[in-house]
Amino acid sequence: MDFSFSEEQTLLRNTVQSFLQDKYDFDTRRKIVASDEGFRRDYWQQFAELGLLAAPFSEEMGGLGGGPIDTMIIMEEFGRHLVVEPFLETVVLAGGFLREGGSPAQQEELIPGIIGGENIWAFAYAEPQGRYNLADLKTTAKKDGDGFVLNGYKCVVLAAPWADKLVVTARTSGGQRDRDGVTVFIVDKGADGVSTRDYPTVDGRRASEITFENVKVGADAVIGEVDKGLALVEKVTDQAIAALSAEAIGGMKELNEATVEYCKTRKQFGVPIGKFQVLQHRMVDMFMAYEQSVSMTYMVNLKVEEEEAERKKAASGAKVQIGKAGRFVGQQAVQLHGGMGMTDELSVGHYFKRLTMIDTQFGNVDHHLKRYSSAA
Amino acid sequence: MDMSFSPEEIAFRDEVRAFIADNYPQELRDLKTRGDMTKEQILMWHRILYKKGWIVPHWPVEYGGTGWSITQRYIWNEECARAETTPLLPFGLSMVGPVIYTFGNEEQKKRFLPGILSGDDWWCQGYSEPGAGSDLASLRTKAVREGDHYIINGSKTWTTLAQHADWMFCLAKTDPDAKAQDAISFFLIDMKTPGITVRPIITMDGGHEVNEVFLEDVKVPAENLIGEENKGWTYAKFLLGNERSGIAGVARSKKAIERLKNIAKAELVDGEPLLDQEEFSTKISEVEIDLTALEFTELRTLAAESKGQGPGPESSILKIKGTEIQQRITELTLEAVGHYGFVYAPHGHERTGNEYVPGPEYAAGQSQNYFNMRKTAIYGGSNEIQHNIIAKMVLGL
Ligand SMILES: Cc1cc2nc3c(=O)[nH]c(=O)nc-3n(C[C@H](O)[C@H](O)[C@H](O)COP(=O)(O)OP(=O)(O)OC[C@H]3O[C@@H](n4cnc5c(N)ncnc54)[C@H](O)[C@@H]3O)c2cc1C
Ligand SMILES: Cc1cc2nc3c(=O)[nH]c(=O)nc-3n(C[C@H](O)[C@H](O)[C@H](O)COP(=O)(O)OP(=O)(O)OC[C@H]3O[C@@H](n4cnc5c(N)ncnc54)[C@H](O)[C@@H]3O)c2cc1C
């Protein structure tokens, strides 16, 4: 048993850290969020140059041959700086679909665009009625000659305003919530019949509502098998959950450090407020919540490539832990900062908001408790 | 002990219900949150109630109160919450008003109470300072007597809605040598006085609700001092007791739970209403039970008050439990709206007219509401401070 990082992994962390320390302080992040585009395309290029976008791909695919642990390291550091750029959507999700389910031709055609930073992807899966059920789809893809015609509506597609390519789930057969009959498609965002409306999210990112109206795609747009896409979707979203967990612990770490520091310096009643035992115990609870989340994050990243039942339990277990811990740590960090914690000026509220939304992403605590129980 | 309404009380309920139905402005019904309202809209309902004579049911009749029994006041609050009328601002009606009629002189009552009642004067609360939050008595704003006026210097912060205020009630030190509690005085300051600067503080939900207020050589006539010099701490604490119980918001929370249930009926999990999911409905039941307990705790407090006792340190229970419940409801509401919790709904001051807020109407702004409501455990004396008060004053620790 060994929980230490390899030399390459430590180097990777150092690379990410020094980039973000130089170029992603909180003020810069604020400007990025407020800018017209809402993210930095030049940073994205620099991520490519630093090899971050290549990290989890095998060497045969042109990557650096890392695995979930490398992704975890990147996401944790991104979490510490509240990075908004679409690493999760492009590298973890779209990259994951291509890696896990893509044909050699698709991999050859599309992975270089991810690694090189030329393409940005978004994952259009959620529908208003479907909540967190990945199979609950009203979006349809009907056979049309060799290809398919897509019709439907996807909501809150994160990072879609920045993307040029989409991974889309649609129903090719069966009833609205059947496990069978789900197919995964690649769709160009610029294709005829795709229309988007963009908006900002509360955690400083951007999203779109997307309508598909008679969107024609070829047979080569299918990732994996027709009608059998759900297992692939579950696998890749579990990988995304492993990555999100890492982002969450990065955020919690920052909040805990900021809170302890604040309580040591903020004085009321003639003493630093950290002298009050009730606050000390609160911070101890925050610290334990964080440590437990780190453990679950390591666990899920170590197990995310195992067989299905084991993987599902790991992912759902981690999601429950980070959902609860993120909420507690976020709320208490705000509380212990008093009025200052409520401000837009301090980073505390921004971490709190991001942690809150991480709980919603790919299913909240209740959803994953149930999924965990049914996987057990 | 008796919980049922008498026929007269039922008639009263029907009367106020009809009044609200007939008089609550359509313009306000169409709005969602206070963040979206103009100053005039915030005051609209206030002015209607003033005209009717129902603006301060909780005041003594001689100053404009209605003379209602606690049951009638309870019914009134219930009916307002039921109709989701815009909450009245507490700063004049519940905070400084009672201080003025309790500790002010005849001149001050004549001069200030009419504007509070009519809504013509908008008040803000100048208590907190950058260095004085929970430890309010450590405030450093100074007032120095010079002839027939005081010169005030210092800075206040977190001042809610000071951007609209005509007047501020303000604590300042008048004795540099005495111990804090014997050094503070209570002033009424015209916000138009030269030397006052108001700067916005934007909160994490994007709203502009609080401000910094800087006071630089602000000249305040001596007749705007409430009560005696250096006795302000007594008045300040009297006000805080009222502020705390005002924060409980039982009737509003009932309505918020009803709204939450409606959302949970509309949201689907595998084609079934979220409300029918046991894990979710259990959470709603838990908060509802907490609220029932709080409602009865509040009624017990009110009953004691009507017999001339209180509000004592028990008002801290109302503050802690009331805010925990409000926060829990907003948390569950955010949970209920699912993916659409991501959407940022721009505030009034950010609107350009081209915003796009997707999703069902009930989802708009729910996450921001949740973020914003974290404030309730911080303001009005943080919940940790309320625990300290109960520990010391009630348990004798
Ligand atoms: C089942 C059992 C088995 C035990 N076995 C052993 C044993 O094998 N050997 C042995 O030596 N002892 C043993 N103990 C004794 C045990 O170590 C003491 O009970 C323990 O140290 C607490 O001391 P106390 O009972 O005097 O409680 P107190 O110290 O009087 O504490 C009372 C309460 O005050 C709290 N408290 C005290 N100080 C603080 C503080 N500074 N801050 C916050 N809260 C505080 C405590 O947490 C507790 O809730 C055992 C006790 C039990 C119940
Ligand atoms: C949205 C909002 C609106 C407000 N509106 C107004 C207004 O209109 N007018 C006005 O005057 N003020 C207003 N306030 C200020 C509010 O009253 C203060 O924020 C509050 O008193 C806490 O002070 P602080 O922010 O300085 O936090 P601090 O006092 O610095 O507290 C920081 C943390 O330490 C804890 N703490 C402090 N002392 C102790 C202790 N002895 N034991 C245990 N824990 C302790 C607190 O509970 C808190 O968690 C508002 C605040 C907010 C957030």
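Convention: sequence-line order gives letters A, B, ...; per-chain numbering from 1.
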Item to complete: Evaluate the ring-ring contact (aromatic ring centres under 6.0 Å, His included) criterion for residues Tyr132(A) and Tyr125(A): first the C-alpha distance (whole Å), next the side-chain angles of each, then the deciding distance (0.1 Å), finally the verdict.
Response: CA-CA 10 Å; Tyr132(A) 306 125; Tyr125(A) 70 100; 9.1 Å; no
Of the listed residues ([options]), which shares the most heavy-atom pairs with chain A below a 4.5 Å separation?
{"options": "Gln368(B), Glu335(B), Glu355(B), His387(B)", "value": "Glu335(B)"}
{"options": "Val357(B), Asp205(B), Leu274(B), Asn383(B)", "value": "Leu274(B)"}
{"options": "Gly359(B), Ala336(B), Ala137(B), Ser382(B)", "value": "Ala336(B)"}

Fill in: Parallel, tilted or perpendicular: rings of Phe352(A) and Phe371(B) (30°, 60°)
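Perpendicular: the ring planes of Phe371(B) and Phe352(A) meet at over 60°.
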Sort [X] into side chain, backbone, both or neither according to what part of it lies under 4.5 angstrom from a heavy atom of chain B.
{"X": "Phe362(A)", "answer": "neither"}
{"X": "Arg177(A)", "answer": "side chain"}
{"X": "Arg206(A)", "answer": "neither"}

Strictly below 4.0 Å, N to O, side chains only: are [X] and [Y] in salt-bridge contact?
{"X": "Lys154(A)", "Y": "Glu209(A)", "result": "no"}
{"X": "Glu267(B)", "Y": "Arg131(A)", "result": "yes"}
{"X": "Lys156(B)", "Y": "Glu212(B)", "result": "no"}
{"X": "Glu89(A)", "Y": "Arg205(A)", "result": "yes"}
{"X": "Lys283(B)", "Y": "Glu286(B)", "result": "no"}

Discussion item. Can you confirm whether Glu278(B) is buried at CD, in the sense that more than 12 heavy atoms of other residues, nucleotides or ligands lie under 6.0 Å from that atom?
Written reply: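 Open: at most 12 neighbouring heavy atoms sit under 6.0 Å from CD of Glu278(B).
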Does any heavy atom of chain A fall under 4.5 Å from the side chain of [X], the backbone, both, or neither of them?
{"X": "Ala132(B)", "answer": "backbone"}
{"X": "Leu268(B)", "answer": "both"}
{"X": "Pro130(B)", "answer": "backbone"}
{"X": "Ser134(B)", "answer": "both"}

I'd like to know which of [options] tops the heavy-atom pair count under 4.5 Å against chain B.
{"options": "Glu345(A), His350(A), Met357(A), Arg282(A)", "answer": "Met357(A)"}
{"options": "Asn364(A), Leu369(A), Thr356(A), Val278(A)", "answer": "Thr356(A)"}
{"options": "His337(A), Gln361(A), Arg327(A)", "answer": "Arg327(A)"}
{"options": "Leu279(A), Leu158(A), Asp359(A)", "answer": "Leu158(A)"}
{"options": "His367(A), Gln129(A), Lys267(A), Arg266(A)", "answer": "Arg266(A)"}

Worksheet item: Tyr370(B) and side chain to side chain contact (heavy atoms under 4.5 Å, CB included): which partner among Thr330(B), Val337(B), Ile329(B), Leu332(B)?
Response: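 The residue from Thr330(B), Val337(B), Ile329(B), Leu332(B) that satisfies side chain to side chain contact (heavy atoms under 4.5 Å, CB included) with Tyr370(B) turns out to be Thr330(B).
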Worksheet item: Ring centres of Phe87(A) and Phe78(A) under 6.0 Å apart?
Response: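 Ring-ring flag for Phe87(A)/Phe78(A): true, centres closer than 6.0 Å.
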